[in-house]
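Since the structure comes first, as structure tokens, the remarks are kept for the end.
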Amino acid sequence: MELSKEEKLVAYIANPYLDYHPNAEIDKIPLEFIEKNKLSLLLLEKGLETEIGRKYAKLRERMLQELCELTHEFERVNIDFIVIKFPELPRTHGDMDILIVNGLERVEDVLRSEGYELWKEDEPQREGYKKNDGMLLKIDIHTESSWGGIKYLIKEDIWENRVKREINGVEVPFPSHEYEFLITAAHGMRENVVTLFDVFYVNFLFKKGINMEFVKAVAKENNWLKQLFYFSRAIYDVHRELYDEELEFLSDVSKIKPLKIDRLPFHFPFGIATSLKVEKALLDLKTQGFKDFAFDISAYLQDLRWIKGVFTR
């Protein structure tokens with residue numbers, strides 16, 4: 001893996017399961033590497049401060065307060081919702097993602113009463129709201145468990161398997177550990193990228209306890225089991241190469257050839273990304289019909305143009 005000395009040191013310091021601390025000075029803090037791999041808050045916990053880390057720490061604290069307030073308001077008017085893509089491990093966030101299961105018609109009224117305004121409607125099944133009361137807060141409201149309009153999971157199933165995490169004394173609904181893994185994998189494969197934070201978070205989730213047979217069954221039902229295997233392979237290969245330790249719980253990676261991990265974040269090669277997306281589109285054609293297939297192909301073509309640009313520029 002082609003990492004600089006400083007990047008390797010940061011990778012060791014950020015790992016929550018290694019007792020590495022920034023006792024020795026880093027000649028030059030690799031800020032771009034830290035930001036792209038979403039590590040600044042993990043590093044802050046280990047004592048390695050950066051300006052962006054302090055900024056995101058304040059934003060995360062404010063977001064947690066806002067989630068508590070919104071939980072009260074949504075529950076008051078019987079809106080069923082789940083907070084997604086907000087890991088227990090501290091990660092940098094530009095916005096909060098909330099999946100609405102029931103009561104969508106009441107969501108906008110609640111958000112406007114809390115000072116939010118609609119500012120983004122450029123993606124199917126997602127709307128963006130924002131407010132600025134001294135700190136800019138953004139919320140993405142998801143009406144389906146989809147990314148770029150392509151459905152990866154069934155939102156009612158995420159709701160049925162929800163858990164509560166206590167935040168500032170308030171119980172807020174989040175996906176189960178199994179669905180946290182599925183959402184992390186689906187989002188990573190939709191964007192064709194795996195960050196070092198993803199590696200840490202998957203390890204964290206499995207240490208908490210995950211039923212991998214359930215995870216595989218859900219991915220298969222939703223036509224992206226092979227994508228799950230590739231995501232797991234990337235996580236496995238990065239962890240083994242960086243830390244010389246195999247994540248045994250990802251035993252299914254044997255179904256996929258080892259990946260060549262040169263840099264982090266890791267971007268799936270164009271050929272792999274293309275074949276995986278075509279496979280899901282064809283399976284969606286078989287199980288969901290032509291309408292979903294046509295939408296998949298249209299959305300994936302936009303993805304593939306971007307991916308090709310990553311490898312040609």
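Nothing here was measured: the structure is a model prediction, and the numbers come from that model.
Both F266 and L196 belong to a single network of hydrophobic side chains, linked directly or stepwise wherever heavy atoms of I, L, V, M, F, W or Y lie under 4.5 Å apart. Residues V202 and L225 fall within the same hydrophobic cluster, defined by Ile, Leu, Val, Met, Phe, Trp and Tyr side chains chained together at heavy-atom separations under 4.5 Å. In the hydrophobic cluster analysis, where Ile, Leu, Val, Met, Phe, Trp and Tyr join through side-chain heavy atoms closer than 4.5 angstrom, L31 is grouped apart from L59. Following chains of ILVMFWY side-chain contacts shorter than 4.5 Å, one cannot reach I139 starting from W119, and the two form parts of different hydrophobic clusters. Note on I34: it clusters hydrophobically with V238, by side-chain heavy-atom contacts below 4.5 Å among ILVMFWY residues.
Remark: the backbone N or O of V253 is paired with a side-chain donor or acceptor of R233 at under 3.5 angstrom. For Y12 (side chain) and L242 (main-chain N/O), a donor-acceptor pair under 3.5 Å exists by modelled atom type. At least one donor-acceptor pair under 3.5 Å links the side chain of N37 to the backbone N or O of F33. Between the side chain of K280 and the backbone N or O of N222 there is at least one donor-acceptor pair closer than 3.5 Å. The main-chain N or O of I100 is found under 3.5 Å from a side-chain atom of K155 such that the two form a donor-acceptor pair. H93 contributes no side-chain N or O that, together with a main-chain N or O of F86, makes up a donor-acceptor pair within less than 3.5 Å. Of the possible donor and acceptor atoms, none in the side chain of E180 sits under 3.5 Å from a partner among the backbone N and O of L205. Not one N or O on the side chain of R91 forms a donor-acceptor pair closer than 3.5 Å with the backbone of L41. Judged by distance alone, the side chain of D97 and the main-chain N or O of K85 form no donor-acceptor pair under 3.5 Å. Of the possible polar contacts, one joining the K46 side chain to the N15 backbone as a donor-acceptor pair under 3.5 Å is found.
By the 6.0 Å and 45° rule, K207 stacks over the aromatic ring of Y17.
In K255, the NZ atom is crowded: over 12 heavy atoms of neighbouring residues, nucleotides or ligands sit closer than 6.0 Å. Annotation for E156: atom CD counts as buried by contact number, over 12 foreign heavy atoms lying within 6.0 Å. Applying the 6.0 Å contact sphere to CG of D244 captures no more than 12 heavy atoms from other residues, nucleotides or ligands. The local environment of CD in E248 is sparse, with at most 12 non-hydrogen atoms from other residues, nucleotides or ligands closer than 6.0 Å.
Side-chain atoms of N223 and T287 form a donor-acceptor pair, as typed in the model, at a separation below 3.5 Å. If you check the side chains of Y129 and E117, you find no donor sitting under 3.5 Å from an acceptor. Under the 3.5 Å distance criterion, with hydrogens and angles disregarded, no donor-acceptor pair is assigned to the side chains of Q125 and T143.
From I141, atom CD1 reaches atom CG of L104 across 8.5 Å, with rounding to the nearest 0.5 Å. The OG1 atom of T92 sits 12.0 Å away from atom CG of L44, with the distance rounded to the nearest 0.5 Å. Taking CG from D19 and CD1 from I13, the interatomic distance works out to 11.5 Å, rounded to the nearest 0.5 Å. Note that CG of L153 and CH2 of W224 are 5.5 Å apart. Values are rounded to the nearest 0.5 Å. Going from atom OG of S232 over to atom CG of L250 covers 5.0 Å, rounded to the nearest 0.5 Å. The CD atom of Q227 lies 5.0 Å from the CE atom of M189; values are rounded to the nearest 0.5 Å.
The closest side-chain heavy-atom distance from N132 to L137 is not below 4.5 Å. Looking at E178 and N161, their side chains never come closer than 4.5 Å, going by heavy atoms from C-beta outward. R165 is not listed as a side-chain neighbour of V172, based on a closest heavy-atom distance of 4.5 Å or more. Side-chain contact check for L228 versus V215: some heavy-atom pair is nearer than 4.5 Å. With a 4.5 Å cut-off on side-chain heavy atoms, F231 and T184 count as touching. Side-chain contact between N102 and I79: absent, with no pair of heavy atoms (C-beta onward) separated by less than 4.5 Å. Here the side chains of I82 and P175 are in contact, with some heavy-atom distance below 4.5 Å. Counting only heavy atoms from C-beta outward, the side chains of L259 and Y236 never approach each other to under 4.5 Å.
Note on ring orientation: taking the six-membered ring where Trp is involved, the planes of F249 and F206 are parallel (angle under 30°, cut-offs 30° and 60°).
Looking at residues two or more places apart in sequence or on another chain, you find a side chain to side chain contact (heavy atoms under 4.5 Å, CB included) between L89 and P16, L42, F197, F200, Y201, F204. Residues meeting the salt bridge (charged side-chain N to carboxylate O under 4.0 Å, His left out) test with R162, sequence neighbours left out: none.
Residue G94 comes nearest to M63 through the heavy atom pair C-CE, 3.9 Å, listed as atom of the first residue, atom of the second, then distance. Nearest heavy-atom pair, H142 versus S146, reported as atom, atom and distance to 0.1 Å: ND1-O, 4.1 Å. Contact record, D296 with A281: OD2-CA, 3.7 Å, taken as the closest heavy-atom pair. Contact detail for A234 and F268: the closest heavy-atom pair is CB-CZ, 3.9 Å.
Here ring-ring contact (aromatic ring centres under 6.0 Å, His included) pairs that include residues 45-78, with residues two or more places apart or in two chains, are F74-F81. Listed by first and then second residue, the salt bridge (Lys or Arg N to Asp or Glu O under 4.0 Å) pairs that reach into residues 131-141 are R62-D133, E66-K131, K120-D140, R126-D140, K131-D133, sequence neighbours excluded. Among residues at least two apart or in separate chains, salt bridge (Lys or Arg N to Asp or Glu O under 4.0 Å) pairs with a member in residues 100-109 are E108-R112. Listed by first and then second residue, the salt bridge (Lys or Arg N to Asp or Glu O under 4.0 Å) pairs that reach into residues 211-220 are E213-K216, K216-D252, sequence neighbours excluded.
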query: Would M135 and K58 satisfy side chain to side chain contact (heavy atoms under 4.5 Å, CB included), going step by step from the backbone distance to the final call?
result: CA-CA 9 Å; M135 182 175 288; K58 291 179 181 177; 4.2 Å; yes

query: Run the side chain to side chain contact (heavy atoms under 4.5 Å, CB included) check on E221 and I154 step by step: do they pass?
result: CA-CA 10 Å; E221 179 186 1; I154 300 169; 3.8 Å; yes

message: Please evaluate residues F181 and Y179 with respect to the criterion ring-ring contact (aromatic ring centres under 6.0 Å, His included), reporting the C-alpha separation (whole Å), side-chain torsions for both, the decisive distance (0.1 Å), and the verdict.
response: CA-CA 5 Å; F181 179 46; Y179 272 101; over 10 Å; no

- prompt: Where do L264 and T195 land on the side chain to side chain contact (heavy atoms under 4.5 Å, CB included) test, with the steps shown first?
  reply: CA-CA 6 Å; L264 291 173; T195 67; over 6 Å; no

message: Walk me through whether L39 and V10 qualify under side chain to side chain contact (heavy atoms under 4.5 Å, CB included).
response: CA-CA 9 Å; L39 301 177; V10 161; 4.0 Å; yes

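Contact check on R54 versus E49 returns a salt bridge, with a Lys/Arg side-chain nitrogen under 4.0 Å from an Asp/Glu carboxylate oxygen. Salt-bridge check for E73 with R76: passed, with a basic side-chain N closer than 4.0 Å to an acidic carboxylate O. The residues K36 and E32 are annotated as salt-bridged, a charged nitrogen and a carboxylate oxygen being separated by less than 4.0 angstrom. Under 4.0 Å is where a charged nitrogen must lie from a carboxylate oxygen, and between E144 and K151 at least one such pair does.
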